[in-house]
There are 2 protein chains.
Amino acid sequence: MRAALIQAAEGMIADRGLAGLKTRDLAREIGCANGAVYNLVADVDELILRVGSRTLRRLDEALTLATSSGEPSPRESLVRIALAYCDFAAENLQLWRALFEHRVQVDKPLPDWSVHDQMQLFRHIYQPLAALLPGRSPEELGITARSLFSAVHGMVALGLEQKLVAVPLPALRNQIAGLVRAMIDGLVARDVKGAAAAD
Amino acid sequence: MRAALIQAAEGMIADRGLAGLKTRDLAREIGCANGAVYNLVADVDELILRVGSRTLRRLDEALTLATSSGEPSPRESLVRIALAYCDFAAENLQLWRALFEHRVQVDKPLPDWSVHDQMQLFRHIYQPLAALLPGRSPEELGITARSLFSAVHGMVALGLEQKLVAVPLPALRNQIAGLVRAMIDGLVARDVKGAAAAD
DNA sequence: AATTTTTATTGAACGATGTTCATGTTTCCT
DNA sequence: AGGAAACATGAACATCGTTCAATAAAAATT
């Protein structure tokens, strides 16, 4: 029953956006009173987090799939991951947006099951990055992986925004691939040359 | 009078966030009935856009200031701009967030005065980038400038999110500076080597 | 100065929406 | 069957943005 609720919420976010998620519509869709929603879930925040968890899992699968065919070099693996992220965001635009639009209250922190999902994404980036930057410590690699992810996320986020100019998706993909390669090349070059000493 | 409204809205967003902007509180703060707000402004969307316009102008000033002292190389200019963007976002967190959180209705497009502001930001990036990548056309440079901005924006956005792990600001600044230098170095290297032929 | 016309202000009211709760209803164990 | 626990109901509450008829103020006209 709760599964039906979450699925209905997922569908509603998918085609009406996070702001289009209404408890009364949900109740009608799964066939119950609006008050009954709160027996299945504490509040809409939890509902959104549960949908987000599903989205993150699908995203994880998409990223896994991206590097599973052929024997891509670490460099090309990272490009593939970035493009897969872009494609996933484009194909699941509203659900993907909901992951970042939703902000929880400051006093009520995220439940554990929600936090754990998010860490997993960097895992995809970490391995190829470790192969490319053998001189870095695990901590440094984790931070760099996060930065790389964030940079690609920014390109996808603003690229799909279409607030001002509509960027066609193929052009966005080219930009992402180009800048990811540039970032990697730059990181590797700085790594062999001796990091901070170069500035 | 309208200026007082916008200023009150700015203050309210600044310390309570975009979601904390309430018309009744605004009316009380500027001393009028809640209905009177709609004589000064069409709706809250316009109000948010007007506040956003002010924020963008201040951001523009901050970025201008970043490259105005000394004679920084194009490469270091870009690093300075990125760090200035990060600092501005950190110091004006809620107002900066409001720029991106707020999504307008699909059928009611942005007014002209709001669209024009946003383009100006890329101008800061364009000039140093043109010096570093002389082989590129103005259109290509514009797109690359946008991508660079987006990448930095992503790092700042996720870095200041603190959704999972709180990244200390100095660490974030280091990451940004490092990755911007890497991106630039990578872009320049790819540029001299002959762009697409390298893949 | 008086009267009319235009403009601005008010605060009650409307419609949504998330959430709660007293009241039924079902389920399930003994 | 009977009682207890869980669940479902939909009306009610609080809080929003927004509207609007009524009213006051101001401006314009005679």
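Residue numbering restarts at 1 for every chain, and letters A, B, ... go by the order of the sequence lines.
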*Whole-Å distance between dC7(D) P and I30(A) CD1?*
14 Å
_If I take atom CG in residue D25(B) and atom C1' in nucleotide dG17(D), what distance separates them, rounded to the nearest angstrom?_
13 Å
*Of D45(A) and C32(B), whose closest DNA chain C nucleotide lies nearer the 5' terminus?*
C32(B)
_Atom-to-atom span, CG of N34(A) to P of dC13(D) - whole angstrom_ = 15 Å
_Any base atoms under 4.0 Å from L21(B), or only sugar-phosphate, or nothing? Heavy atoms, all strands._
sugar-phosphate
*asked:* Whole angstroms only, please: what is the CG-P distance between L18(A) and dT17(C)?
replied: 14 Å
*Using a strict 4.0 Å threshold on nitrogen-to-oxygen distance, state whether D25(B) and R28(B) make a salt bridge.*
yes
*Of all the nucleotides listed (dT9(D), dG18(C), dA12(C)), which has the minimum atom distance to the side chain of N39(A)?*
dT9(D)
*Using whole Å, report how far CE of M12(B) lies from C1' of dG17(D).*
15 Å
_Which atom of A66(A) lies closest to which atom of R80(A), heavy atoms considered_ = O-CD, 3.0 Å
*When you measure from the side chain of A33(B), which nucleotide among dT10(C), dT9(D), dG10(D) comes out closest?*
dT10(C)
*Taking the nucleotide of DNA chain D with the closest heavy atom to each, which residue, Y38(B) or M1(A), is nearer the 5' end?*
M1(A)
*Distance flag, aromatic centroids of H153(A) and F100(A), threshold under 6.0 Å*: yes
*So, T67(B) and H124(B): side-chain donor and acceptor under 3.5 Å apart, yes or no?*
no
*Nearest to the side chain of V44(B) - dT18(D), dT10(C), dC16(D)?*
dT18(D)
*For D43(B) and for R24(A), find the nucleotide of DNA chain D with the closest heavy atom, then tell me which residue's nucleotide is more 5'.*
R24(A)
*asked:* In this structure, how many angstroms lie between the P atom of dC16(D) and the CD1 atom of I48(B), rounded?
replied: 14 Å
*Within the structure, does a side-chain N or O atom of T23(A) lie under 4.0 Å from either OP1 or OP2 of dG18(C)?*
yes
*Mind checking L26(B) for me? I need base, sugar-phosphate or nothing, with any heavy atom below 4.0 Å counting as a touch.*
nothing
*Consider only side-chain N and O atoms of R146(B) and S150(B), and report whether a donor and an acceptor are under 3.5 Å apart.*
no
*Protein-nucleotide distance (L40(B), atom CG; dT10(C), atom P), rounded to Å*: 10 Å
